[in-house]
Amino acid sequence: MSTFLIGNWKMQIEPAESAALASAIAREWNGEGVTSSVTVVVCPSHHAVAGVADALRGMPVELGAQDAFWEDKGAFTGEVSAKSLAAFGCRYCIVGHSERRLHLGETDAMARRKVEAIMRHGMHPVVCVGETDEEKRSGKAAAVVIGQLRSALAEIRPVGNQRILVAYEPRWAIGTGRPAMPADAAEMHQLIRETLFEMLPADIVNSQCAVLYGGSVDSGNIADFLAEEVISGVLAGGASLKADEFVRMARIAADAKRRIE
Ligand code: PGA
């Protein structure tokens, strides 16, 4: 499977800026003689999805969303369905991001319903898991992360060659400029992989699941994360908001992949 570089733009930029950023990323990355070894995905805000979809048409950058609601239709004020995001061309969808867990009270049960809807509409979920600083200090990190993973993916099965991506994002590393040590992240990735093997058939884990790291990744440290064999890509927030920085990361990811192969 390819290495993944996913940009989470959060609520940082407006629709016009999002479309312009998508165009700039796609233009620069396209000019690179891109190989299929790195899958580049950008996740704008919902109201920017249509404009970004237009900007990316025919370009080697995939469209993702930051969240999706589980019902297809109904009295759910303020929500946007996985169904409509898929119809707008989203192929990936982040779910259970720690900022949603923190600010909106999103639970593991909600994440599970969202994963199901995202997959029912043919998108690939990017399931975020991660412990808080306090949980890490009290030695609970592994239990928290594995608990989140088991809940979000309970009885989930991909259809066809649908992918399941898991992003390990320790909360204390998000937006802090204080990334995890790559070796520590790799240890958690190994545990996540072992859990995936307990939950899903081995061939699916080997060919359709990938575990990504997220939390203060940029062009200066991405190579260190990708040098760990169990880390199959990264989810970047701040560093995905500048086209040149994000494309630099994509190039480094392509080089790292070449070295491994
Ligand atoms: P960051 O965010 O790269 O700005 O730390 C990552 C994320 O929240 O997905």
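All of these numbers come straight from a predicted model, not from anything done at the bench. Note that the numbering runs from 1 along the sequence shown for the chain. Indexing begins at 1, ligand by ligand and atom by atom, following the structure's order.
- The line from NZ of Lys114 to SG of Cys93 is 8.5 Å long, rounded to the nearest 0.5 Å.
- Within ligand 1, counting atoms from 1 as listed, the ones closer than 4.0 Å to a heavy atom of Gly215 are 5 (O).
- In the candidate list Lys10, Arg178, His97, Lys10 is nearest to atom 2 (O) of ligand 1, counting heavy atoms.
- By the 4.0 Å heavy-atom criterion, Ala239 is excluded from the residues contacting ligand 1.
- Each of Asn30, Val52, Leu56, Val61 was compared with Ile25 under the side-chain contact (heavy atoms from CB on, under 4.5 Å) criterion, and only Val61 meets it.
- Across the listed options Glu99, Arg171, Glu169, Glu169 owns the non-hydrogen atom lying nearest to atom 9 (O) of ligand 1.
- Heavy atoms from both the backbone and the side chain of Ile174 come within less than 4.0 Å of ligand 1.
- With hydrogens and angles disregarded, a donor-acceptor distance shorter than 3.5 Å links the side chain of Asn221 to the backbone of Ser216.
- Aromatic ring orientation, Phe69 versus Phe76: tilted (interplanar angle from 30° to 60°).
- The closest heavy-atom contact to atom 5 (O) of ligand 1, among the options Gly175, Gly237, Gly238, comes from Gly175.
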For residues 173-185, tabulate all N or O donor-acceptor pairs below 3.5 Å that involve a side-chain atom, not counting sequence neighbours.
from: Thr176; atom 1: OG1; to: Trp172; atom 2: O; distance (Å): 3.0
from: Thr176; atom 1: OG1; to: Ala173; atom 2: O; distance (Å): 3.3
from: Thr176; atom 1: OG1; to: Arg178; atom 2: N; distance (Å): 3.1

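- Per-residue contacts place Leu235 under 4.0 angstrom from the following atoms of ligand 1 (heavy atoms of the residue considered): 9 (O).
- Taking every non-hydrogen atom of Ala236 and a distance limit under 4.0 Å, the qualifying atoms of ligand 1 come out as 3 (O).
- The aromatic rings of Tyr168 and His189 sit perpendicular, their planes meeting at an angle over 60°, well past the 30° parallel limit.
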